[in-house]
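Heads up, the thing below is written out as C-alpha cells.
Indexing begins at 1, ligand by ligand and atom by atom, following the structure's order.
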Amino acid sequence: MQTHKSILFIIFSIVLVTWMIEGCRKNNLELTAYPVQIPAHFPATDYYQRNPISKEGFELGRRLFYDNRFSVDGSISCGSCHQQVAAFGTYDHDLSHGVNGSHGIRNAMSLFNLAWRTSYGWDGKYTSLDAVYAAHINSPIEFGETIGSIINKLKTDSRYQQEFKKVYGSSYISEPRIFNALTQFVSAFISSATKYDSVKQNLKTFTASEQAGYTVFLNKCNSCHAEPLFTDFSYRNIGLPLNTFNDKGRITITGNKADSLKFRVPSLRNLFKSYPFLHDGRFIGFEQIFDHYQSGVQQSATLDPLLTNGIPLSAAERTALVDFFRTLTDNNFTSNSNFAAPQ
Ligand code: HEC
Ligand code: HEC
C-alpha cells in the first residue's frame, strides 16, 4: 500500500513538474533586457531588479505615452504635458493644459530619475505610479477619460494587439498592462549625462566660476536639494505666498496642520530646460528664485527652520550658482531620439 502511494506520488510529481515547465515555456517571452545604466555616484537602488524593463516593454510604453487616444477628445497625450525638450515638463508654461482648453492648478512636473522616488506629485499625493496615471486619466481637466474607454480605443488597433502579445504573451489589453508599459518607459528616463556627473566621475573639471557656484550650492542649498539627485525627497514650506488657487500643498493629502504649504523639494537637474519654476510655475527666472530666498520668504508656523532668516545671496554668488546650474543640463536626455515620439 505504502509503495503504491509512493508510486502515485512520484507520477503526480512528474506530471506537476512537466506541467510547470510547459507553462513556463509558453510564457517564455523572448524579451530583450533594456540597458539601464546607473552611474556609480548615484544612490544604489534595487528598483530595476524589482521592475525590470525590456526593450519591447519600453517601446510599447513609448507608443502609449505619445498616444492622443488617452484623452476624451483625442487632443492630448502624456507627451503633450511632459515634453522631452523640457526634460518632460511643459516647455514655457506655468500651468498644465488638459482637454478642452482647460488648465490645471500646477506646473507639469519634469520626469526623470523616478526610480528613486517613493511618492509622486507636488504634494506626494500618489504612492505609486499607477495611481498617478489613473488620476490623470480620470481628471476632467487632464485626459477626461475612463480606462475602459481607452482600452476600447486601443483594442481596435492591430499594432497594439501585436505589441501587447510580444510583451505580455497575449494580445489582451488591460489597465495593469497599460500602466506597466508606461512605467517601463518613464522609469528608463535616467538623467545623468551632465558636466556635473562627468566631474563626479573625474572625467572633467569645473571652471573657477562653476566651482564657486558648487561651493555656494553645498553651503546654502544642498541640505534640501541634496546631490547627486538634487532632492532629499522631502516636502517643505519655503515661505512662498499662497497662490490664487489657495493651494496649500501637502496638508490637503495628510490633513495634518504641520504639512500646511509644504511642497516637494524638486530636483535642480535640467533647470535650464524645465522652467517656469515651482509648483505653480510662478517664477520664470533664476533672479526671482534668488530674490525669494534672500528677501521674499514669508514667516509662518510651518516655514522650514533653515529659511527663518532667508538665504542671503550676493551678486557674485548668484552668477556662480547659475554657472553651476548650467552644469546640471543633460542635453543627451532632452534630445535622445529613443525617448521621442515613435514614427
Ligand atoms: C494635462 C497635463 C498632463 C498630462 C496629459 C499628463 N500629466 Fe503627468 N503630471 C502633470 C502634472 C500637473 C503633474 C503634477 C501633479 C500634482 O502635483 O498634482 C504630473 C505628474 C506626473 C508624474 C509624477 C512625477 C513625480 O516626480 O512625482 C508622473 C510619473 C506623470 N505625471 C506621468 C504621466 C504619464 C505617464 C502621463 C500619461 C498617461 C501623464 N503624466 C499625463 C501633468 C500632466
Ligand atoms: C529648506 C529646504 C530648501 C532649501 C534650503 C533650498 N530649497 Fe530650493 N526648493 C525647496 C522646495 C520645497 C522647493 C519647491 C517649492 C514649491 O514649488 O512650492 C524648491 C524649489 C526650488 C527651485 C525651483 C525648481 C523647479 O524645478 O521648480 C529652485 C531653482 C530652487 N529651489 C533653488 C534653490 C537654491 C539656489 C537654493 C540655495 C540658495 C535653494 N533652492 C535652497 C526647498 C529648498
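Atom 27 (O) of ligand 2 has its closest protein heavy atom at Leu278 N, 2.6 Å. The closest protein non-hydrogen atom to atom 13 (C) of ligand 2 is Pro266 CD, 3.2 Å. Among protein heavy atoms, atom 23 (C) of ligand 2 sits closest to Phe277 CB, 3.7 Å. Closest to atom 32 (C) of ligand 2 among all protein heavy atoms lies Tyr293 CE1, 3.7 Å. At the shortest separation from atom 42 (C) of ligand 2 among protein heavy atoms lies Ile238 CG2, 3.4 Å. For atom 2 (C) of ligand 2, the closest heavy atom belonging to the protein is Cys224 SG, 1.9 Å. Here the heavy atom of the protein found nearest to atom 22 (C) of ligand 2 is Ile289 CD1, 3.8 Å.
Taken from CD1 in Ile38 to CG in Asn113, the straight-line distance is 9.5 Å, to the nearest 0.5 Å. For the atom pair CG of Asp197 and CD of Gln201, the computed distance is 6.0 Å after rounding to the nearest 0.5 Å. To the nearest 0.5 angstrom, His225 atom NE2 is 11.5 Å from Leu328 atom CG. Taking CG of Leu114 as the reference point, atom OG of Ser191 lies at 11.0 Å (rounded to 0.5 Å). To the nearest 0.5 Å, the span separating CZ on Arg250 from OG on Ser234 amounts to 10.0 Å. Atom-to-atom distance recorded for Leu31:CG and Phe58:CZ is 14.5 Å, nearest 0.5 angstrom.
With ligand atoms numbered from 1 in the order given, ligand 2 contributes 5 (C), 37 (C), 41 (C) to contacts under 4.0 Å with heavy atoms of Lys220. The ligand atoms of ligand 1 that sit less than 4.0 angstrom from a heavy atom of Ala108 are 11 (C), 12 (C), 42 (C). Each of the atoms 26 (O) of ligand 1 lies under 4.0 Å from some heavy atom of Arg117. Ligand-side atoms of ligand 2 in range of Phe325: 35 (C), range being under 4.0 angstrom from any heavy atom. Of all the atoms in ligand 1, the ones that sit under 4.0 Å from a non-hydrogen atom of Leu129 are 29 (C). The atoms of ligand 2 that sit less than 4.0 Å from any heavy atom of Asp304 are 1 (C). Near Val132, the atoms of ligand 1 lying under 4.0 angstrom from a non-hydrogen atom of the residue are 21 (C), 22 (C), 28 (C), 30 (C), 31 (N). Taking every heavy atom of Leu111 and a limit of under 4.0 angstrom, the matching atoms of ligand 1 come to 22 (C), 24 (C), 28 (C), 29 (C), 30 (C), 32 (C). Listed by atom number, the atoms of ligand 1 under 4.0 Å from Tyr133 heavy atoms are 35 (C). Counting the atoms of ligand 2 from 1 in the order shown, those under 4.0 Å from a heavy atom of Trp122 are 17 (O). Short contacts between ligand 2 and Leu240, defined as distances under 4.0 Å to a heavy atom of the residue, involve ligand atoms 16 (C), 18 (O).
Taking the six-membered ring for Trp and thresholds of 30 and 60 degrees, Phe65 and Phe88 have ring planes more than 60 degrees apart, a perpendicular arrangement. Ring planes of Phe230 and Tyr196: perpendicular class, angle over 60° (limits at 30 and 60°). Classification of the Phe324-Phe217 ring pair by plane angle, with boundaries at 30° and 60°, yields tilted. The aromatic rings of Phe189 and Phe185 sit perpendicular, their planes meeting at an angle over 60°, well past the 30° parallel limit.
The shortest separation from a heavy atom of Asn107 to ligand 1 is under 4.0 Å, placing the residue in contact. Using a 4.0 angstrom heavy-atom cutoff, Arg264 counts as in contact with ligand 1.
When ring centroids are compared, Phe42 and Trp116 come within the 6.0 Å threshold. Between Tyr172 and Phe164, the gap from one ring centroid to the other reaches at least 6.0 Å. A ring-centre distance under 6.0 Å is found for Phe339 and Phe333.
Remark: ligand 1 and Gly121 share an N or O pair separated by less than 3.5 Å (distance only, no angle test).
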Any chance you could lay out the side chain to side chain donor-acceptor pair (under 3.5 Å) test for Tyr133 and Thr183, step after step, and finish with the verdict? CA-CA 10 Å; Tyr133 313 148; Thr183 293; 2.7 Å; yes

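A donor-acceptor pair is defined here as one N or O able to donate and one able to accept, closer than 3.5 Å; no such pair exists between the side chain of Ser260 and the backbone of Lys257.
By the criterion of a heavy-atom distance under 4.0 Å, the side chain of Leu268, and not its backbone, is placed next to ligand 2. Contacts between Leu114 and ligand 1 below 4.0 angstrom, taking non-hydrogen atoms only, involve the side chain exclusively. Contacts between Ser77 and ligand 1 below 4.0 angstrom, taking non-hydrogen atoms only, involve the backbone exclusively. Of all the heavy atoms of Asp280, none lies under 4.0 Å from any atom of ligand 2, so neither backbone nor side chain is involved.
Between Arg106, His279, Lys273, it is His279 that holds the heavy atom closest to atom 18 (O) of ligand 2. Residue Cys221 holds the heavy atom nearest to atom 36 (C) of ligand 2 of all those in Pro276, Gly310, Cys221, Ser267. Of the listed options Phe263, Phe179, Phe143, Phe143 places a heavy atom closest to atom 5 (C) of ligand 1.
Geometry at atom 8 (Fe) of ligand 1: NE2/His82 and NE2/His136 form an angle of 180°, nearest 10 degrees.
His136 places none of its side-chain heavy atoms less than 4.5 Å from the side chain of Glu145.
At a cut-off of 2.8 Å, His225 coordinates atom 8 (Fe) of ligand 2 through an N, O or S atom.
One finds a salt bridge joining Asp323 and Arg326 here, because a Lys/Arg side-chain nitrogen approaches an Asp/Glu carboxylate oxygen to under 4.0 Å.
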